[in-house]
Amino acid sequence: MSFKLSKRSLNNLQGVKPPLVAVVHRAIQITEVDFVVIEGVRALKRQQQLVDQGASQTLDSKHLTGDAVDLAAWLGTIRWELPLYFKIAEAMKQAAIENCVALRWGGAWTVPDIRTYSDTMEHAHEAYLALRRSQGRKAFIDMPHWELS
């Protein structure tokens, strides 16, 4: 099954760096789960709102420079079940490999470039959670987030 980016998604890619846009375009063609681009470039005011809400941890977000996008699973409506995001992550990893673009994923912050991760993206996520637990630190999980490394 092949999906296409919606007009909303294409609009939300405006201002995003071309290598990341190319990865998103390829990923939508090969993903097992349809997705929408819910955010690309953000204004500082929007970033501040997200930090205030606890949805982001930094005012130095890569969204401010067009180096990040947020993708949400779409099954007639936005869905948040983790298995959907692992499938999107696999498509993003394959698209990043094909396009030679280093990417970091908010589901596995400790992997600096998902192209080099030899196991599944689900495993990368679980490894990140295990590491944070072993450090006695809380994990910050941002499954929709993708950024250029």
Name the one of Q47, Q48, Q49 that satisfies side-chain hydrogen bond (donor to acceptor under 3.5 Å, both in side chains) with S56?
Q47
Is there any salt bridge (Lys or Arg N to Asp or Glu O under 4.0 Å) pair reaching into [range], and which pairs are they, with sequence neighbours excluded?
| range | answer |
| --- | --- |
| residues 12-28 | K17-D67, R26-E98 |
| residues 50-64 | none |
| residues 100-120 | R104-E147, D113-R115 |

Does CD in Q29 sit with more than 12 non-hydrogen atoms of other residues, nucleotides or ligands closer than 6.0 Å?
yes
Would you please test T120 and E90 for side-chain hydrogen bond (donor to acceptor under 3.5 Å, both in side chains) and show each step?
CA-CA 7 Å; T120 65; E90 292 299 338; 4.6 Å; no
Cluster overlap [X] with [Y], hydrophobic side-chain contacts below 4.5 Å:
| X | Y | value |
| --- | --- | --- |
| L129 | I114 | yes |
| W109 | L50 | no |
| Y117 | M92 | yes |
| F140 | L82 | yes |

Counting C-beta onward and ignoring hydrogens, is there a side-chain heavy-atom pair between [X] and [Y] closer than 4.5 Å?
| X | Y | answer |
| --- | --- | --- |
| I78 | I38 | yes |
| V16 | V24 | no |
| M143 | F86 | yes |
| L13 | V69 | yes |
| L20 | V101 | no |

How long is the straight-line distance from [atom2] of [Y] back to [atom1] of [X], given to the nearest 0.5 Å?
| X | Y | atom1 | atom2 | answer |
| --- | --- | --- | --- | --- |
| I88 | T31 | CD1 | OG1 | 5.5 Å |
| L5 | I28 | CG | CD1 | 5.0 Å |
| D142 | Y85 | CG | OH | 10.0 Å |
| Y128 | T110 | OH | OG1 | 7.5 Å |
| E39 | L71 | CD | CG | 11.5 Å |
| K93 | T116 | NZ | OG1 | 8.0 Å |

Just jot down the side-chain hydrogen bond (donor to acceptor under 3.5 Å, both in side chains) partners of E81, sequence neighbours excluded, or say none.
R79
Going by the rule side-chain hydrogen bond (donor to acceptor under 3.5 Å, both in side chains), which residues pair with N12 if we only count those two or more places apart in sequence or in a different chain?
none
Quick one, D70 with R42, criterion salt bridge (charged side-chain N to carboxylate O under 4.0 Å, His left out). Give me CA distance, side-chain angles, the key distance, then yes/no.
CA-CA 11 Å; D70 288 342; R42 287 185 191 143; 2.8 Å; yes
Geometric class of the W105/H125 ring pair [parallel <30°, tilted 30-60°, perpendicular >60°]
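Plane angle between 30° and 60°, so tilted.
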For residues [X] and [Y], report the shortest heavy-atom separation together with the two atoms involved.
| X | Y | answer |
| --- | --- | --- |
| S149 | L103 | OG-C, 3.3 Å |
| A95 | A27 | CB-N, 3.6 Å |
| P19 | L148 | CB-CD2, 4.5 Å |

Can you name the residues that form a ring-ring contact (aromatic ring centres under 6.0 Å, His included) with F3, not counting sequence neighbours?
none
Walk me through whether T58 and V51 qualify under side chain to side chain contact (heavy atoms under 4.5 Å, CB included).
CA-CA 6 Å; T58 182; V51 169; 5.7 Å; no
As a quick check of understanding, evaluate ring pair (Phe, Tyr, Trp, His ring centres under 6.0 Å) for W146 and H63, giving each step before the final call.
CA-CA 10 Å; W146 292 91; H63 282 281; over 10 Å; no
Would you check, one step at a time, whether the test side-chain hydrogen bond (donor to acceptor under 3.5 Å, both in side chains) holds for S9 with S6?
CA-CA 5 Å; S9 290; S6 66; 3.2 Å; yes
Could you walk me through whether H25 and L10 pass side chain to side chain contact (heavy atoms under 4.5 Å, CB included), step by step?
CA-CA 9 Å; H25 276 278; L10 292 171; 3.6 Å; yes
